[in-house]
Amino acid sequence: MKNVVVHSDGGCHGNPGPGGWAAILAYGKHKRELSGGVPATTNNRMELQAAIEALNALKEPCEVEFYTDSEYVKNGVSTWMLNWKCNGWKTKSKKPVKNEDLWRALDSSVSKHKVNWHWLKGHAGHLGNERCDQIANEEIAKIKKSFTAEQLKALLAEFSTKDEQFTADLL
């Protein structure tokens, strides 16, 4: 198996708000940067999307050293996800898992590889993490240029309504 190092990051301007994600894959001397964005989302969704996109970009099963500054992603994939799956994608309190769609996608992506998850402190000088943060913010800037303030507000309202409906289902 090839040994690949991945750094990822995701974020939002506002939470929720316009969001961006980025990942850097390194194999030997080769590096590949991936990125994208969404006009209305949360930072956790962007962190998950970065991990999914990074793992899906690998064309064959690999051993992956995966670095993220998201405790949500690291703890979710390393600790919580197994219980969620055993409980039919429900939490300990029998509520639906928040961001279930992305957790299921990440579970599928992880299953193809041998992944060692590493948490690192964000904005602490880690070159891979700093670069991913920069790229994710560039994606957010592109979104802000592509949509008017009114369009972003409408998309955010639509997203928030869906999120509120999900939260109401939890109660």
Side-chain angles (χ1 to χ4, degrees), residues 6-24 33-57 66-112 115 117 119-123 129 131-171:
V6 174
H7 286 85
S8 73
D9 196 22
C12 284
H13 287 185
N15 192 25
W21 61 267
I24 300 171
E33 294 182 346
L34 308 171
S35 62
V38 179
T41 189
T42 65
N43 63 319
N44 284 339
R45 289 188 67 81
M46 291 294 88
E47 295 280 7
L48 286 164
Q49 194 67 51
I52 294 162
E53 297 292 343
L55 294 172
N56 285 348
F66 202 108
Y67 294 87
T68 177
D69 66 0
S70 171
E71 291 184 72
Y72 177 69
V73 170
K74 181 181 182 297
N75 291 337
V77 77
S78 301
T79 306
W80 309 329
M81 195 160 46
L82 179 61
N83 290 332
W84 293 337
K85 288 167 51 175
C86 290
N87 293 330
W89 292 96
K90 303 276 190 236
T91 65
K92 285 182 187 177
S93 60
K94 307 293 184 214
K95 305 293 182 193
V97 171
K98 185 130 182 158
N99 301 314
E100 178 185 341
D101 58 331
L102 295 178
W103 283 113
R104 284 179 179 262
L106 182 57
D107 183 42
S108 176
S109 300
V110 168
S111 70
K112 301 168 190 155
V115 183
W117 294 90
W119 177 82
L120 49 84
K121 183 174 174 61
H123 310 288
N129 180 257
R131 177 67 181 138
C132 285
D133 181 67
Q134 177 186 6
I135 298 167
N137 278 300
E138 290 169 0
E139 290 292 335
I140 295 168
K142 286 182 199 174
I143 289 168
K144 288 181 167 184
K145 286 182 180 178
S146 299
F147 293 88
T148 66
E150 293 79 22
Q151 289 172 319
L152 286 172
K153 186 176 179 182
L155 291 166
L156 182 58
E158 181 182 334
F159 177 83
S160 294
T161 299
K162 289 178 187 174
D163 195 50
E164 287 170 11
Q165 289 170 345
F166 177 84
T167 302
D169 291 344
L170 292 176
L171 303 175

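In this text, all values refer to a predicted model and were calculated from it rather than measured experimentally. One-based numbering along the sequence shown.
One finds a salt bridge joining Arg104 and Glu100 here, because a Lys/Arg side-chain nitrogen approaches an Asp/Glu carboxylate oxygen to under 4.0 Å. Residues Lys153 and Glu150 are not paired through a salt bridge, judged by the lack of any N-O separation under 4.0 Å between the basic side chain and the carboxylate.
Put simply, the side chain of Leu55 reaches to within 4.5 Å of the side chain of Leu106, judged on heavy atoms. Counting heavy atoms from C-beta on, the side chains of Glu139 and Met46 never come closer than 4.5 Å. No side-chain heavy atom of Gln134 sits under 4.5 Å from any side-chain heavy atom of Asp9. Annotation: side chain of Lys90 is not in contact with side chain of Val97 (no heavy-atom distance under 4.5 Å). Residues Trp84 and Lys92 are not in side-chain contact: their nearest non-hydrogen atoms beyond the backbone lie 4.5 Å or more apart. With a 4.5 Å cut-off on side-chain heavy atoms, Val110 and Phe66 do not count as touching.
The distance from the SG atom of Cys12 to the CG atom of Asn137 is 10.0 Å, given to the nearest 0.5 Å. Taking CG of Asn87 as the start and CG of Leu82 as the end, the distance is 9.5 Å to the nearest 0.5 Å. Interatomic distance, CG of Asp69 versus CG of Asn129, reported as 4.5 Å (0.5 Å rounding). To the nearest 0.5 Å, atoms CD (Gln151) and CG (Leu156) are separated by 13.5 Å. Note: Ile24 CD1 to Ile135 CD1 = 4.5 Å, rounded to the nearest 0.5 Å.
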Would you sort out whether Val38 and Arg45 count as a side-chain contact (heavy atoms from CB on, under 4.5 Å), showing the intermediate values?
CA-CA 10 Å; Val38 179; Arg45 289 188 67 81; over 6 Å; no
Could you walk me through whether Lys112 and Asn56 satisfy the side-chain contact (heavy atoms from CB on, under 4.5 Å) test, starting with their C-alpha distance in whole Å, then the side-chain angles of each, then the deciding distance to 0.1 Å, before giving a yes or no?
CA-CA 9 Å; Lys112 301 168 190 155; Asn56 285 348; 3.9 Å; yes
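A donor-acceptor pair shorter than 3.5 Å can be found between the side chains of Thr91 and Ser93.
Contact between Pro39 and Phe147 at its shortest, heavy atoms only, is CG-CZ, 3.8 Å. Between Leu152 and Lys144, the shortest heavy-atom distance links the atoms CD1-CA, 4.3 Å. For Ala50 against Ser8, the heavy-atom pair with the smallest separation is CB-CB, 3.8 Å. When all heavy atoms of Ala54 and Leu34 are compared, the closest pair comes out as CA-CD1, 4.0 Å. When all heavy atoms of Pro16 and Ser160 are compared, the closest pair comes out as CG-OG, 4.0 Å. Considering every non-hydrogen atom in both Ala105 and Ile52, the closest pair reads CB-CD1, 3.8 Å.
When the salt bridge (Lys or Arg N to Asp or Glu O under 4.0 Å) test is applied to Glu53, no partner is found at least two apart in sequence or on another chain.
Under the side chain to side chain donor-acceptor pair (under 3.5 Å) test applied with Asn15, the options Asn43, Thr42, Thr41 reduce to a single match, Asn43.
A donor-acceptor pair under 3.5 Å links the side-chain atoms of Glu47 to the main chain of Gly10, judged by distance alone. Remark: the backbone N or O of Ser35 is not paired with any side-chain donor or acceptor of Trp21 at under 3.5 angstrom.
The stretch residues 72-81 participates, sequence neighbours left out, in these side chain to side chain donor-acceptor pair (under 3.5 Å) pairs: Tyr72-Asn99, Tyr72-Trp103.
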